[in-house]
There are 2 protein chains.
Amino acid sequence: MAETRPAPRRRRKEARPQELTAAALSLFVEKGFAATRLDDIAERAGVSKGTLYLYFDSKDALFKAVIQEGIVPALHAGEVLLDEYDDPLALLRAILLGWWERIGSTELGGIPKLMMSEARNFPDVAVYYQQEVIQRGTALLRKAVARGIERGVFRKVDPEAICSVLIAPLVYRAMWRHSFGPCCGQETDVAQYLHTYFDLVLNGLLAPAPGGDAQ
Amino acid sequence: MAETRPAPRRRRKEARPQELTAAALSLFVEKGFAATRLDDIAERAGVSKGTLYLYFDSKDALFKAVIQEGIVPALHAGEVLLDEYDDPLALLRAILLGWWERIGSTELGGIPKLMMSEARNFPDVAVYYQQEVIQRGTALLRKAVARGIERGVFRKVDPEAICSVLIAPLVYRAMWRHSFGPCCGQETDVAQYLHTYFDLVLNGLLAPAPGGDAQ
DNA sequence: TCTAAATTACTGACCAGTCAGTAATTAAAT
DNA sequence: ATTTAATTACTGACTGGTCAGTAATTTAGA
């Protein structure tokens, strides 16, 4: 009988917090906050439950850490695009596609699902998230849209409302991946979905003609 | 000291199941399945916890009942629209607006949020929901889109993918109402949102010109 | 060594589910 | 009608298991 190795029991003060929040994120997204046990998080991270309490005061504190360190860093990447692109159409495309590639298609894509599920159980985190993530992301999108309208490239639409409408299909798809996706077989092809999405919204947004009104 | 009335203790065998699932739905949507106590559901419905077990075998069974009786009836309403409308544009509008008015804007609008949150904890319910609600709803939308493409009213787009893209902004908004909505102050005006939404997607979907290509 | 990191064993609150009993309703008997 | 018996809807105290959080102990590294 080969006995199971007792435990390596490494000490790695620096890397731990990341490993713990990563493990917590994936389990919170999968099962929800209340249904996730700290023992499971610890096991996935390769430590014992007690170790969790060396780095986080409580399960709630762990939740907050997951949300905070998850998304905020990814926003910088979007904001620099405003200066990188001049053409409003290319800019908008880059922002939306960037969101998908950096967040939606990664593990981070579970955060919107998690945050939506738990917003009313953690009102303070929800407010934080709404201000630091949603409003900031919306502001970014709004600038891109406004620039397009100013230059006559986009039709005149309500900039505030359009932002939600634009991001919704991407968030929706990301949430799907973390809910029905694993249960209900075949997801449609991502590339096809993105293509159809951009085709619809950009076509719906573009002013009818480049110069004045003729084709 | 006027003593508190002990309890009316009404007996209403017929109405109970509805009252219980209604109470359960609103609490499940608010707190999530795991974080909702049966005592709270019972209290909101004006009965004791024991009564719950006269009508449902378990907390899980109650969840399933909430989902099943919640949405399925509302689908019929959509399916009859296929025959009521001939014009594809009006049909599509009626379907999407109908979804908002019958589901999205009502208490039922919490079900997508609930189902997304709990899909991976209830794979069998998720499969049921996916087949009986999502696929059925998608099929309905697809027919409307296909009719529009056939008649040259809509541009040629992938019918499968477009359905998700079309419904996403409505579902997203409904989920918002039940998550961030109560926490984070001002929601933008619904009418304005719907107007902008229809403006974008219908404009994005319409073929460039009625007859051939000229404006 | 000796300190810090991690584990293990433990506690107590909480909650799904149970069940003996009570109140309301109906039916039967006078 | 009015009491009595039988039935049915409902209650709430109780139990057993679970799990967040803690305290005692062990192990790794300087």
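Values in this document were obtained by computation on a predicted structure and should not be read as measured data. Sequence lines set the chain letters: A, B, ... in the order given, protein chains first and strands last, and positions in each chain run from 1.
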Chemist: Take the protein atom CG of B/L54 and the nucleotide atom C1' of C/dA20, then report the distance between them rounded to whole Å.
Modeler: 14 Å
Chemist: In whole angstrom, give the distance that lies between atom CG of B/D39 and atom P of D/dC14.
Modeler: 15 Å
Chemist: Using the side-chain heavy atoms of A/K59, tell me which of these nucleotides is nearest: D/dG21, D/dC19, C/dC15.
Modeler: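 So the nucleotide nearest the side chain must be D/dG21.
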Chemist: Take A/F33 and B/G46, find for each the nucleotide of DNA chain D with the closest heavy atom, and name the residue whose nucleotide sits nearer the 5' end.
Modeler: B/G46
Chemist: Under 4.0 Å between any heavy atoms, over every strand shown, what does A/L38 touch: base, sugar-phosphate, or nothing? Just pick one.
Modeler: sugar-phosphate
Chemist: Kindly confirm or rule out a cation-pi arrangement of B/K64 over B/F122, judged by NZ or CZ under 6.0 Å from the six-membered ring centre and within 45° of its axis?
Modeler: no
Chemist: Would you indicate which nucleotide in C/dG17, C/dA6, D/dC10 comes nearest to any side-chain atom of B/Y53?
Modeler: C/dG17
Chemist: How are the rings of A/Y197 and A/Y193 set relative to one another: parallel (under 30°), tilted (30 to 60°) or perpendicular (over 60°)?
Modeler: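 Taking A/Y193 first and then A/Y197, their aromatic rings lie parallel (interplane angle under 30°).
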Chemist: What I want to find out is whether A/E43 reaches A/K49 closely enough, with some N-O distance under 4.0 Å, to be called a salt bridge.
Modeler: no
Chemist: Check this one for me: any side-chain N or O of A/T51 less than 4.0 Å away from OP1 or OP2 of C/dT7?
Modeler: yes
Chemist: Quickly work out the A/L52 CG to C/dA5 P distance and round it to whole Å.
Modeler: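 Answer to the nearest Å: 15 Å.
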Chemist: Below the 4.0 Å mark, does C/dA6 have OP1 or OP2 next to a side-chain nitrogen or oxygen of A/Y55?
Modeler: yes
Chemist: Confirm from the modelled atom types if B/K49 and D/dG12 form a donor-acceptor pair under 3.5 Å, side chain to base only.
Modeler: no
Chemist: Write down the distance between CG (B/L62) and P (C/dG17), rounded to a whole number of angstrom.
Modeler: 10 Å
Chemist: How many whole angstroms separate atom CD of A/E43 from atom C1' of D/dC19?
Modeler: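 It works out to 15 Å between those atoms.
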Chemist: Could you state the CG-P distance from B/D40 to C/dC14, rounded to the nearest angstrom?
Modeler: 13 Å
Chemist: What is the separation between atom CZ on B/F56 and atom C1' on C/dG17, rounded to the nearest whole Å?
Modeler: 16 Å
Chemist: Using whole Å, what does the distance between atom P of nucleotide C/dT7 and atom CD1 of A/I41 come to?
Modeler: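 Rounded to whole Å, this separation is 15 Å.
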Chemist: I would like to know whether B/E107 and B/S26 meet side chain to side chain contact (heavy atoms under 4.5 Å, CB included); could you show each step before the answer?
Modeler: CA-CA 7 Å; B/E107 193 72 359; B/S26 66; 3.2 Å; yes
Chemist: Can A/D40 and A/K31 be counted as an ion pair, charged N to O under 4.0 angstrom?
Modeler: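 Salt bridge: no.
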Chemist: Measuring from the side chain of A/R37 (C-beta onward, heavy atoms only), which nucleotide among C/dT7, D/dC19, D/dC10 has the closest atom?
Modeler: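 Selected nucleotide: D/dC19.
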